[in-house]
Structure formats: structure tokens, C-alpha cells
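We count ligands from 1, going down the list as the structure has it; atoms in each ligand are counted the same way.
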Amino acid sequence: MKLISIHNLSKIYHTKNEETKSLDDISFDIEKSEILTLIGPSGCGKSTLLNILTNLEKPSEGNIEKSEELIIGYMMQNDALLPWLTVKDNALLGLKLKGIATDENIDYTLNLIEKYGLKEFLNSYPDNLSGGMRQRVSLIRTLAIKPNILLLDEPFSKLDIDSRLSISDDVYEIIKELGITTILISHDIAEALSLSDRIIILSKRPAKIKGILDLENFNNELPSKRRKSPLFNNLYNLLWGEFDHV
Ligand code: ADP
Ligand code: MG
């Protein structure tokens with residue numbers, strides 16, 4: 001079932017002296033509960049596309065159909081935890097800012113904290129956590145508002161490679177267990193292959209769709225397992241060839 005249909009989106013930014021076209025006739029559907037990755041070189045228009053989806057920007061042309069009201073969870077590159085708040089208060093921050101810190105929602109969040117192995121760190125401060133743990137707190141804060149779509153804009157790019165690999169499995173399991181429709185933005189081919197159900201390959205700016213890759217042959221395997229399979233290498237080479245390296 002479709003959550004979102006995107007029809008013929010184009011975007012031109014007008015500044016004083018110039019026009020920058022950043023999206024060129026983009027159309028695709030987002031299926032419920034899938035993890036869809038948009039991959040493309042830096043500056044091609046990936047964030048522009050997310051910003052249009054979240055109504056932060058208006059398209060110059062085209063439109064977006066939504067099958068239900070979107071509750072958007074947005075996790076940014078930087079984990080954006082506040083150093084003066086404990087893990088618990090950081091996790092509850094989104095609920096408080098939205099004015100929906102009900103007992104039920106607080107319980108739901110505390111359950112996520114427990115389930116994802118952070119219970120003993122409830123009263124710790126972010127500075128005392130590893131990068132991977134901070135990212136987990138950040139994800140829980142995003143999930144606390146019960147989004148029906150999760151947007152991850154290069155969420156792991158600041159992590160070292162080891163944390164990146166272990167957090168990938170964690171994040172994948174959490175997202176799949178909750179069944180949340182997810183759009184991941186990445187310029188990392190290996191990351192895209194290890195986490196996605198489908199990959200949309202974007203050209204360099206202005207972003208056009210160069211191809212769509214279905215990863216159903218991975219049978220929902222965890223990222224760490226995918227990375228060890230021969231299929232991974234084949235698809236890596238295929239994507240490498242398609243990717244606009246700029
Ligand atoms: P990506 O996320 O793929 O790195 P962006 O969507 O951030 O790329 O940017 C695509 C292009 O649009 C870039 O050339 C960028 O400079 C330009 N751009 C992004 N936002 C604005 C804006 N608000 N005004 C003018 N140009 C912009
Ligand atoms: Mg970006």
C-alpha cells in the first residue's frame with residue numbers, strides 16, 4: 001500500500017543573481033513500511049526533496065499525494081542531544097516540545113529506552129555515552145512521537161566505521177520491528193545496500209531518477225549479514241557504475 005505518491009516534482013531556487021535547478025521531474029511512490037533510500041552525490045538535491053516532503057519548501061512544479069496525514073520523525077546528521085539533559089530528558093524532549101508528554105507517551109518512550117538497552121543510562125549525560133548509544137537515544141527521541149514516517153538525513157555520517165556498523169543493525173531492527181515507513185538519505189553505497197528495501201539512484205544536480213534498485217533478494221537480512229553476502233558485492237559494483245561520482 002502506498003503512503004505517498006510523488007508526481008513530477010521540479011524545484012528551482014531563485015536567488016538575487018541566479019537560478020539553481022535542484023530537482024528535475026522526480027516521480028516515485030513510497031510504500032508503507034518500506035525502507036527507501038535516496039542515494040546521490042553531495043549537492044544533487046536530496047535534502048531539497050526531503051524539505052519538500054516535509055513542507056519546508058514548495059516545489060516549483062509537481063505535487064505530492066499522501067494517503068494519510070503524515071506524522072514526521074526527522075533525525076538529523078548530528079544527533080542533536082542536549083548535553084545538559086540526561087538520557088531520559090533528552091528522549092522525552094520531542095514529546096515535551098510538542099506538548100504531548102502524556103503518561104501514556106512517557107511510558108511508551110521509557111519502554112523504548114529499556115528495550116534498546118539504555119535503561120541503566122537513564123540518568124547519564126550524553127557526554128558519557130558512546131557515539132552509537134547517543135544515536136540510539138536520538139532515534140528513541142524521534143520515535144517517541146510515534147511518527148508514521150521516519151526521515152533519516154545521513155544520520156550516521158559523523159560516526160566512526162565501527163559504531164556505524166553496529167548502529168546500523170540496531171536501527172534496522174528497531175525500524176523493522178515497529179514497521180515504520182522510512183526514507184534514508186545517503187551518499188554511501190554500502191550503507192544504502194545494507195539498510196534498504198529499495199534504493200532510488202539520483203543523478204548529480206539537478207537530481208533526476210537514474211534508476212531504482214529493489215533489494216528483496218536480501219530477504220530482510222540484517223545489515224551486518226548483508227555485507228558478508230556475495231550479492232552485496234555484485235550490487236555494490238552495479239551501483240558504483242550507476243553513481244555520478246563528482
Ligand atoms: P544534497 O542534500 O543532495 O547535498 P541539497 O538539496 O542540499 O543537496 O542542495 C541542492 C542544491 O540546491 C545545491 O546546489 C544547493 O546549493 C542548492 N540549494 C539548497 N537550498 C537552497 C536555498 N535555500 N536557496 C538556494 N539554493 C539552495
Ligand atoms: Mg543534504
Side-chain angles (χ1 to χ4, degrees), residues 4-30 34-64 66 70 72-81 131 134-135 138-139 141-142 147 149-161 163-164 167-168 171 175 180-213 236 239-246:
I4 300 172
S5 292
I6 293 168
H7 303 286
N8 308 102
L9 280 193
S10 291
K11 175 71 181 176
I12 298 173
Y13 289 110
H14 299 274
T15 50
K16 241 193 222 151
N17 307 313
E18 56 175 14
E19 291 190 341
T20 306
K21 186 163 192 179
S22 66
L23 300 178
D24 184 10
D25 197 24
I26 301 265
S27 300
F28 62 93
D29 294 330
I30 301 166
E34 75 169 328
I35 303 179
L36 177 66
T37 296
L38 302 171
I39 191 169
S42 274
C44 77
K46 302 181 295 296
S47 296
T48 301
L49 189 51
L50 274 199
N51 291 340
I52 291 175
L53 274 177
T54 54
N55 284 327
L56 290 173
E57 298 274 2
K58 287 220 156 13
S60 308
E61 278 177 58
N63 63 78
I64 297 175
K66 297 163 185 170
L70 298 184
I72 295 167
Y74 194 9
M75 197 164 99
M76 292 165 293
Q77 231 161 53
N78 182 324
D79 62 40
L81 298 180
R134 294 169 60 106
Q135 208 70 28
S138 174
L139 181 62
R141 177 167 72 193
T142 309
I149 185 160
L150 180 63
L151 307 178
L152 306 174
D153 195 349
E154 310 206 322
F156 314 130
S157 57
K158 297 258 166 69
L159 297 175
D160 60 76
I161 183 71
S163 315
R164 203 190 278 214
I167 193 86
S168 289
V171 166
I175 292 172
I180 300 180
T181 311
T182 299
I183 302 182
L184 172 70
I185 288 215
S186 182
H187 59 254
D188 179 338
I189 294 174
E191 183 169 275
L193 282 173
S194 61
L195 280 158
S196 324
D197 296 319
R198 268 195 318 148
I199 299 176
I200 293 186
I201 305 150
L202 299 172
S203 69
K204 60 177 190 263
R205 200 191 69 196
K208 283 186 283 292
I209 294 183
K210 291 193 78 180
I212 298 183
L213 187 62
Y236 190 96
L239 263 178
W240 181 263
E242 279 292 309
F243 197 81
D244 281 344
H245 304 275
V246 287

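Among protein heavy atoms, the minimum distance from atom 7 (O) of ligand 1 is reached at Ser47 CB, 3.7 Å. When only non-hydrogen protein atoms are considered, atom 18 (N) of ligand 1 lies nearest to Tyr13 CE1, 3.3 Å. For atom 16 (O) of ligand 1, the nearest non-hydrogen atom of the protein is Arg205 NH1, 4.9 Å.
Side-chain atoms of Lys46 come within 3.5 Å of backbone N or O of Gly40 as a donor-acceptor pair. The backbone N or O of Lys58 sits less than 3.5 Å from a side-chain atom of Lys11, completing a donor-acceptor pair. Of the possible donor and acceptor atoms, one in the side chain of Ser194 sits under 3.5 Å from a partner among the backbone N and O of Glu191. The backbone N or O of Asp188 sits less than 3.5 Å from a side-chain atom of Ser186, completing a donor-acceptor pair.
Within the coordination shell of the Mg ion (ligand 2), defined by N, O or S atoms under 2.8 Å, Ser47 is present.
Residue Lys46 places at least one N or O, backbone or side chain, under 3.5 Å from an N or O of ligand 1. Considering backbone and side-chain atoms together, Thr20 places no N or O closer than 3.5 Å to any N or O of ligand 1.
The distance from ligand 1 to the heavy atoms of Thr48 drops below 4.0 Å at these ligand atoms: 5 (P), 6 (O), 9 (O), 10 (C). Applying the 4.0 Å criterion to heavy atoms of Gly45 picks out, from ligand 1, the atoms 1 (P), 3 (O), 5 (P), 6 (O), 8 (O), 10 (C). Interface atoms of ligand 1 facing Ser42, defined by a heavy-atom separation under 4.0 Å, are 4 (O).
By heavy-atom distance, the residue among Ser22, Gly43, Ala207 lying nearest atom 4 (O) of ligand 1 is Gly43.
Residues Asp153 and Ser47 have side chains that bring a donor and an acceptor to within less than 3.5 angstrom of each other. Judged by distance alone, the side chains of Asp25 and Ser10 never bring a donor and an acceptor atom under 3.5 Å apart.
Side-chain atoms of Ile26 and Leu202, non-hydrogen and from C-beta on, do get closer than 4.5 Å to each other.
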